[in-house]
Each structure stands twice: as C-alpha cells, then as structure tokens.
Amino acid sequence: FAFSDHYLNLPFDLSRVMFILTANLTDTIPSALLDRMEIISISGYTEEEKVEIARRHLIPRQVRESGLKPKQIIISENALRQIINEYTSEAGVRNLDREIGNICRKIARRFAEGQRQPAGITQQSLAKYLGPAKFIPEMDQEASQMGLATGLAWTQAGGEVLYVEASLMKGKGDLIITGQLGEVMQESARAAVTFARGYVKQARIKRSGLDTQDVHIHVPAGAIPKDGPSAGIAMAMALVSVLSGNAVRNDVAMTGEVTLRGRVLPIGGLKEKALGAVRAGIKAVIIPKKNVKDLVEIPPNLKTRLKSIPVKTMEEVLENALEHSKKDRLRTRGKSARS
C-alpha cells in the first residue's frame, strides 16, 4: 500500500488516505477511472443562495483583502443580483467572487486617492465599475409566436432556456436542421417530424403540406454546440404549431424526449433547468411524468415561482402549451378525428 514518489524517492503510505476530486464534466474522465469512483453530483446554486453566499462570505472577504473597512463600501441587493445575472454565467460563485473583487479594488484605489465618503454600488453605477453587461440573452420572446417553442437545456454554467424555431417552405418534404446540433439532437428532430406527420394526419389539419414542403428546424445561438434528447417535445411543439397555425405560449417552457408515438420520456438535470426557467421569467414548465420524483430537489421558494406540469404524452403538452384562444379548436379537431 505504499506509493513511491519519483521526485523525492520516498515511499508514502496511502492505505488510509481518501482522495476527493472535483470536475465540471465527467465526459473527460477515462472510463476505467470513472468506474472506480463514487460520483457525488452537486447541483448549482439558486440566485437567492448566491446572494446569501456573497453577503456572508464573498463581500466581507474581498473588502478585507482590499484593505477597506465594511462601512466604506455598500453594495445594494439589486446591484448584487444584477452582477449575478448579467456579469456572471455559472452554476457556482467563482466568477461572482472575481467581479466583487474588481469592485472592491477600484473603490480601494479611490480611497487611496483621497475619497472620504462611503461608496454605494447601485444598479445605475454598476457599469462604471464593471463595464457593460457581459451576459445578455441572445433572444427573448416578447409575445407568443407561431412556430417558436421554449425548451430547456443543461450546460456547464447551469440551466438555460433553449428556443426552437420551425418553418415550412416549398420543397420535396426534406428536413433541414441548423444551429450546430449534435447527433442525438438531430435524431430528436427527426423523431419530432415523424410525430408531427402522424399527428396532423390524425387531427385532419388542412395546413399540413409536409409532402410538398421542406421542414426547417433551427435552434438559435448557432455558435454554441448543442446535443441531447431533452429538446424533443419542444421541437415537436414548434412543428405542430406552425402546421396548425396556433401560437405557442411564451411563458411556458418544456423539456422531455419525444417518441414516434408521442410519448414523453424522462430527462436529467431538472433542478438546473428549473433554475434557468426562473431566470428567464418563465411561469410554468412542462416536465415528463417520470421526473416528478426529481421535484424534491427544487427549493421550496423556487416551486412557488414556477408551476410544474407533469405530462405523459404529446397531447398533454399541446393542451398546456398552445395559446388558449386557439387551443380548443385544435383539440376539438383531434377528438373528432379519433371518434
């Protein structure tokens, strides 16, 4: 049980040593080594947790290390939340610590130059210390639109909203997929198209035209690689929306894998995706029925701000995601086709 260090040329007894390692992703860990480890997954922090961590630990430490006194700098809660949302994009607080340190050092320099009054950091004065916001959503839904659905994705920086666009054009029934999507996500797009073909035929939607038109599915932010099956129901939702002429609710996000028969399969990373939905102003999120057990991981204060809608089939997704004014019309068509 001894390890011999080749630099010091001395043996070390490692029989009672426990090694703890951290990583953002497990994909880069060799499979043989990963198989011999016990994996402990730690979810990202909520916005409220980040605020408390900054108040209790980050700000006092950075003030002390910058040579300031606590009364010489006051960071408002709104400014702190703006730093979290617009100047950092992470599951942890490492970059938040850096940004607070930048502010403290600039304030310390002003006091060294002769400033006497305490410095107050507000939302209006934040840009003077940190510059313009670094993380602004590339695309926000201002209103419910036809052919545009909101999905949810897991990233190294936590959960994010993922917009899925669908459009039809004259062609031969081909499928065009853009947005730098991985193989799994492209397969989800093909499954979504197959489901949409079957659904519009069953519901007798006149605007189908899939045999004489090409289907184009695009996921914006094309510079960012995307993969995974959890955007399947969002793709199917966008397709059915553009085929039927019904808009998709902009305050509802969805995550789940779709099958050819319209079943909704479970996904991973529900807590992180829920956090991303709240940050984007989403009011409700559609999740697979089998992911209900994962709701215990979501903090209680988050559950009050975000309604969870468990579903088993795409028909339930359509009932909850389509605009109310036109939803009933589509649902009635579907029922009449099945009777």
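Predicted, not measured: the structure shown is a model, and the values here were computed from it.
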Linking I/L/V/M/F/W/Y whenever any side-chain heavy atoms sit under 4.5 Å apart, do F12 and M18 land together?
-> no

For A79 and T122, the nearest pair of non-hydrogen atoms, with its separation, is CB-C, 3.7 Å

request  = Answer whether the closest heavy-atom distance between the side chains of K273 and I298 falls below 4.5 Å.
outcome  = no

Q.
For a 4.5 angstrom cut-off between non-hydrogen side-chain atoms, does K283 reach V252?
A. no

request  = Evaluate whether atom CD of E183 has more than 12 neighbouring non-hydrogen atoms of other residues, nucleotides or ligands under 6.0 angstrom away.
outcome  = no

Hey, any chance V278 and I83 share a hydrophobic cluster, counting ILVMFWY side chains that come within less than 4.5 Å of each other, even indirectly? no

Grouping I, L, V, M, F, W and Y whenever their side-chain heavy atoms are under 4.5 Å apart, do L260 and L265 come out in a common cluster? no

Quiz item: Should we count CZ of R81 as having more than 12 external heavy atoms under 6.0 Å?
Solution: yes

Within the distance-only criterion (no hydrogens, no angle test), does the side chain of T313 pair as donor or acceptor with the backbone N or O of R263 below 3.5 angstrom? no

Taken to the nearest 0.5 Å, the spacing of M254 CE from I267 CD1 works out to 13.0 Å

If you count the non-hydrogen atoms of other residues, nucleotides and ligands that lie under 6.0 Å from NZ in K290, is the total more than 12?
no

The reported gap from CG in L80 to CD1 in I75 (rounded to nearest 0.5 angstrom) is 6.5 Å

Next on the checklist: Whether E323 and R249 form a salt bridge (side-chain N of Lys/Arg under 4.0 Å from carboxylate O of Asp/Glu) is what I want to check.
Outcome noted: no

Q: With the side chain counted from C-beta on, respond yes when I103 and Y129 share a heavy-atom pair under 4.5 Å apart, and no when they do not.
A: yes

Do R98 and N95 have side-chain atoms, one donor and one acceptor, less than 3.5 Å apart? yes

For V164 and A238 the tightest heavy-atom approach is O-CB, 3.8 Å

- Just by distance, do the side chain of Q72 and the backbone of L68 share a donor-acceptor pair under 3.5 Å? no

CD (Q62) and CG (N102) are apart, to the nearest 0.5 Å, by 8.5 Å

Item to check | N-O pairing of E48 and R305 below 4.0 Å | outcome: yes

Under 4.0 Å between a side-chain nitrogen and a carboxylate oxygen: does that hold for R61 and E65?
yes

Practice task
State yes or no: do V258 and V184 share one hydrophobic cluster built from I, L, V, M, F, W and Y residues joined by side-chain heavy-atom distances below 4.5 Å, directly or via other members?
Solution key: no

Checklist line | Heavy-atom check, side chain of S244 versus side chain of M146, under 4.5 Å | finding: no

Using a cut-off of 6.0 Å, state whether more than 12 heavy atoms not belonging to R261 lie near its atom CZ. no

message: Please determine whether side-chain contact (heavy atoms from CB on, under 4.5 Å) holds for the pair I233 and E257, giving the CA-CA distance in whole Å, both sets of side-chain angles, and the decisive distance to 0.1 Å.
response: CA-CA 6 Å; I233 65 172; E257 181 179 354; over 6 Å; no

For A149 and A234, the nearest pair of non-hydrogen atoms, with its separation, is CB-O, 3.4 Å

- Query: Transitively linked via ILVMFWY side-chain contacts under 4.5 Å: L270 with Y45?
  - Reply: no

In this structure, NE2 of H218 is separated from CD1 of I176 (nearest 0.5 Å) by 12.5 Å

To the nearest 0.5 Å, atom CD of Q124 lies from atom CG of N78 at 8.5 Å

Between I177 and L181 the two heavy atoms that sit nearest each other are CG2-CD1, 3.2 Å

A54 and P60 have their tightest heavy-atom pair at O-CD, 3.8 Å

**OP:** With side-chain contact (heavy atoms from CB on, under 4.5 Å) as the test, would you mind laying out the steps for L152 and L162 before giving the verdict?
**Re:** CA-CA 5 Å; L152 295 171; L162 190 73; over 6 Å; no

* Is the closest side-chain heavy-atom distance between N291 and P310 below 4.5 Å? -> no

Side chains of V51 and I84, heavy atoms from C-beta outward: is any pair under 4.5 Å?
yes

Note: I73 and C104 closest approach over all heavy atoms is CD1-SG, 4.0 Å

Hey, does T194 have a side-chain heavy atom less than 4.5 Å from the side chain of R197?
no

Practice problem: Please test I286 against T255 for side-chain contact (heavy atoms from CB on, under 4.5 Å), starting from the C-alpha separation and ending with a verdict. | Solution: CA-CA 6 Å; I286 298 174; T255 179; over 6 Å; no

Query raised in the report: If we ignore angles and hydrogens, is there a donor and acceptor under 3.5 Å between the side chains of K134 and T88?
Result: no

Would you find more than 12 non-hydrogen atoms of other residues, nucleotides or ligands less than 6.0 Å from Y87 atom OH? yes

Query raised in the report: Just by modelled atom types, is the Q117 backbone N or O under 3.5 Å from a matching donor or acceptor in the Q115 side chain?
Result: yes

>> What I'd like to find out is whether the side chain of S66 reaches to under 4.5 Å of the side chain of I107, using heavy atoms alone.
In response: no

Return yes if some donor-acceptor pair links the side-chain N/O of S188 with the main-chain N/O of G232 below 3.5 Å, else return no. no

Open item on the list: I'd like to know if K50 pairs up with E90 as an ion pair, taking the criterion as any Lys NZ or Arg NE/NH1/NH2 lying under 4.0 Å from an Asp or Glu carboxylate oxygen.
Closed with: no

Do the side chain of S144 and the main chain of N250 share a donor and acceptor less than 3.5 angstrom apart? yes

| With no hydrogens and no angle check, do the side chains of H216 and S167 hold a donor and an acceptor under 3.5 Å apart? | no

side-chain contact (heavy atoms from CB on, under 4.5 Å) between L21 and F19, intermediate numbers included = CA-CA 7 Å; L21 305 93; F19 292 91; 4.3 Å; yes

dist R105:CZ -> I100:CD1 (nearest 0.5 Å) comes out at 11.0 Å

